[in-house]
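Please read the structure below before turning to the comments.
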Amino acid sequence: MLVVNRVYNNNTVLVNISQKDQAIIQGKGVGFQKRHGDDVSPKQVERIFYLNTDEAKERFSTLLKDVPIDITMTSFAIIEMAKKDFNYPVLDYIYVTLTDHIAQTYKHIMAGKYQKSSAPDIRDKYPVEYEIADKAVAMLNHDLNIRFPKDAAQPIALHFINAHGTETSEDAEKMEQADFGSNVNKIVQSVFSEYGITRNITNQNYFDRLMIHLQYLVARIQTDEQDKRILNQNIESDFQKLYPKSYKIANEICNKIEKGLNITLNDNELVYFVIHIQRLIQEK
């Protein structure tokens with residue numbers, strides 16, 4: 001039995017499935033003239049997303065504060081499509097990062113300010129992720145009645161590359177070399193676990209920004225186009241004095257990435273990690 005908890009619009013409704021479990025359902029006219037406590041026929045449901053954990057409920061409610069329901073639902077549908085049609089495992093944070101990216105792209109298109117991503121194209125190395133992204137663009141155009149350009153698929157593919165994996169992945173020290181995006185993420189998560197750093201309500205924005213930074217780092221590693229800008233030579237030493245804990249964590253992450261993936265990161269990457277981690281842990 002599906003019982004209305006909240007009507008978002010004529011086509012999207014939050015329903016109670018049991019005393020504890022909830023779901024978001026979509027279907028043409030599924031919310032029309034419905035009120036709290038009304039029953040909904042399962043025959044009207046075209047999509048359903050189960051919110052059967054506290055984390056899932058929190059994630060959804062957090063996104064709705066800044067992102068329209070239609071964009072959120074389409075983003076979730078894209079992720080479910082990747083899981084179902086491509087058997088593609090993803091880490092849960094992609095629900096936030098991908099939805100935020102799509103929402104920002106949507107705003108830019110509507111304002112006439114869309115610009116093609118400067119991230120490198122690595123379709124040859126990640127054909128599955130780019131195929132997912134191509135389907136994602138088609139879904140966005142259909143569901144949101146807008147025209148996302150074809151090149152909008154590229155950053156979407158990067159989100160999937162970076163979030164590839166499962167929450168029960170093996171230890172980062174035993175990773176294979178094949179998938180840079182998954183491996184870099186696992187290394188960061190492994191170090192964070194050592195220091196008790198987790199995503200929570202207080203730091204969620206900074207945590208998600210770090211995840212976005214990682215996807216571009218992966219792209220730079222893949223194409224050997226690391227940031228070559230020359231930073232002030234005193235910056236690294238100043239950060240080490242000002243934020244010793246953040247510097248220690250960032251340095252450990254960089255060392256493990258270099259050792260685990262057999263690459264060399266330039267000093268800029270260390271500085272960027274220090275900045276992100278300092279914001280994340282709020283080191284004074």
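Position 1 is the first residue of the sequence; numbering continues from there.
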### Task
State the CE-CE distance between Met139 and Met81, to the nearest 0.5 angstrom.
5.0 Å
### Message
With a 4.5 Å cut-off on side-chain heavy-atom distances among I, L, V, M, F, W and Y, is there a chain of contacts connecting Val128 to Val90?
### Response
yes
### Query
Do side-chain atoms of Thr72 reach the backbone of Pro68 as a donor and acceptor pair under 3.5 angstrom?
yes
### Query
For Met73 and Thr12, what are the C-alpha separation, side-chain angles and deciding distance, and is it a side-chain contact (heavy atoms from CB on, under 4.5 Å)?
CA-CA 9 Å; Met73 294 303 294; Thr12 310; 4.1 Å; yes
### Query
Step by step, would you call Ser190 with Lys186 a side-chain contact (heavy atoms from CB on, under 4.5 Å)?
CA-CA 6 Å; Ser190 174; Lys186 289 175 185 176; over 6 Å; no
Atom pairs and distances, donor-acceptor, side-chain atoms in residues 242-252, under 3.5 Å, two or more places apart:
unit_1	atom_1	unit_2	atom_2	d
Ser246	OG	Glu283	OE1	2.6
Tyr247	OH	Glu236	OE2	2.9
Glu252	OE1	Tyr195	OH	2.9

### Task
Side-chain contact test, heavy atoms from C-beta onward, threshold under 4.5 Å: evaluate it for Tyr126 versus Leu158 and give yes or no.
no
### Task
Not counting sequence neighbours, list each pair that qualifies as a salt bridge (charged side-chain N to carboxylate O under 4.0 Å, His left out) and has a residue in residues 99-114.
none
#### Entry: Greater than 12 external heavy atoms within 6.0 Å of Gln282's CD
yes
### Query
Sequence neighbours excluded, which residues qualify as side-chain contact (heavy atoms from CB on, under 4.5 Å) partners of Gln189?
Asn185, Phe207, Met211
### Task
Evaluate the side-chain proximity of Leu14 to Val4: yes if any heavy-atom separation is below 4.5 Å, no if none is.
no
## Note on the structure
Sorted by chain and number, sequence neighbours left out, side-chain hydrogen bond (donor to acceptor under 3.5 Å, both in side chains) with Asn255 holds for none
### Message
Can you tell me how far apart CD1 (Ile197) and CZ (Phe192) are? Round to the nearest 0.5 Å.
### Response
5.0 Å
### Message
So which atom in Gln44 and which in Gly29 form the shortest heavy-atom distance, rounded to 0.1 Å?
### Response
NE2-O, 3.7 Å
### Task
Compare all side-chain heavy atoms of Gln26 with those of Asn11 and state whether any distance is below 4.5 angstrom.
no
#### Entry: Any side-chain heavy-atom pair of Val15 and Val3 under 4.5 Å
no
### Task
Kindly state each residue pair satisfying salt bridge (charged side-chain N to carboxylate O under 4.0 Å, His left out) with at least one member in residues 69-84, sequence neighbours excluded.
Glu80-Lys83
## Note on the structure
To the nearest 0.5 Å, atom CD1 of Ile156 lies from atom CG of Leu98 at 6.0 Å
### Task
Locate the shortest heavy-atom distance separating Ile257 from Ile187; write the atom from each residue and the value.
CA-CD1, 3.7 Å
### Message
Suppose we screen for side-chain hydrogen bond (donor to acceptor under 3.5 Å, both in side chains). Which residues come up paired with Asp85, at least two apart in sequence or across chains?
### Response
Lys135
### Backbone N/O of Glu269 and side chain of Asn266: donor-acceptor pair under 3.5 Å
yes
## Note on the structure
Between Val7 and Gly31, the two heavy atoms sitting closest are CG1-O, 3.7 Å
### Message
Please check: side-chain N/O of Gln22 versus main-chain N/O of Ile17, any donor-acceptor pairing under 3.5 Å?
### Response
no
### Query
Checking side-chain contact (heavy atoms from CB on, under 4.5 Å) for the pair Asp267/Val271: CA distance, chi angles, key distance, verdict?
CA-CA 7 Å; Asp267 294 339; Val271 171; 5.6 Å; no
### Task
Any pair with a residue in residues 39-72 that passes ring pair (Phe, Tyr, Trp, His ring centres under 6.0 Å), sequence neighbours left out, goes on the list, sorted by first then second residue, please.
Phe60-Phe76
### Query
How long is the gap from CG on Leu265 to CD on Glu258, to the nearest 0.5 Å?
4.5 Å
### Task
Can you see which heavy atom on Ala153 is nearest to which on Ala133, and at what distance?
O-CB, 3.1 Å
### Task
Sequence neighbours left out, what passes side-chain contact (heavy atoms from CB on, under 4.5 Å) with Gln33? Give chain and number order.
none
### Task
Indicate the atoms forming the closest heavy-atom contact of Pro149 with Ile109, along with that distance.
CD-CD1, 3.9 Å
### Point-to-point distance, once rounded to the nearest 0.5 Å, from CZ of Phe239 to CD of Gln278
8.0 Å
### Heavy-atom check, side chain of Leu140 versus side chain of Thr105, under 4.5 Å
no
### Message
Asn5: which residues meet the side-chain hydrogen bond (donor to acceptor under 3.5 Å, both in side chains) condition with it, sequence neighbours left out?
### Response
Asn16
### Hphob cluster co-occupancy, Ile263 + Ile161, side-chain heavy atoms under 4.5 angstrom
yes
### Message
Using the side-chain hydrogen bond (donor to acceptor under 3.5 Å, both in side chains) criterion, which residues pair with Ser75? Sequence neighbours excluded.
### Response
Thr99
### Message
One pair to check against side-chain contact (heavy atoms from CB on, under 4.5 Å): Leu144 and Ile71. What are the steps and the verdict?
### Response
CA-CA 7 Å; Leu144 303 180; Ile71 293 177; 4.1 Å; yes
### Query
Do side-chain atoms of Asn203 reach the backbone of Tyr206 as a donor and acceptor pair under 3.5 angstrom?
no
### Message
Contact between Ile78 and Phe160 at the side-chain level, heavy atoms closer than 4.5 Å - yes or no?
### Response
yes
### Query
What are the two closest non-hydrogen atoms of Ile48 and Ala23, and how far apart are they?
CG1-CB, 3.8 Å
### Message
Rounded to the nearest 0.5 Å, what separates atom SG in Cys254 from atom CG in Leu270?
### Response
4.5 Å
#### Entry: Pairs touching residues 139-159 that satisfy ring pair (Phe, Tyr, Trp, His ring centres under 6.0 Å), sequence neighbours left out
His101-His159
### Task
Only pairs at least two apart or in different chains count here, so list each salt bridge (charged side-chain N to carboxylate O under 4.0 Å, His left out) that has a residue in residues 33-49.
Arg47-Asp143
### Message
I'd like to check Asp21 versus Leu51 (side-chain heavy atoms, cut-off strictly below 4.5 Å). Are they in contact?
### Response
no
### Query
Ile25 versus Val40: any side-chain heavy-atom pair under 4.5 Å?
yes
### Pairing of Glu131 and Arg123 as salt bridge, 4.0 angstrom limit
no
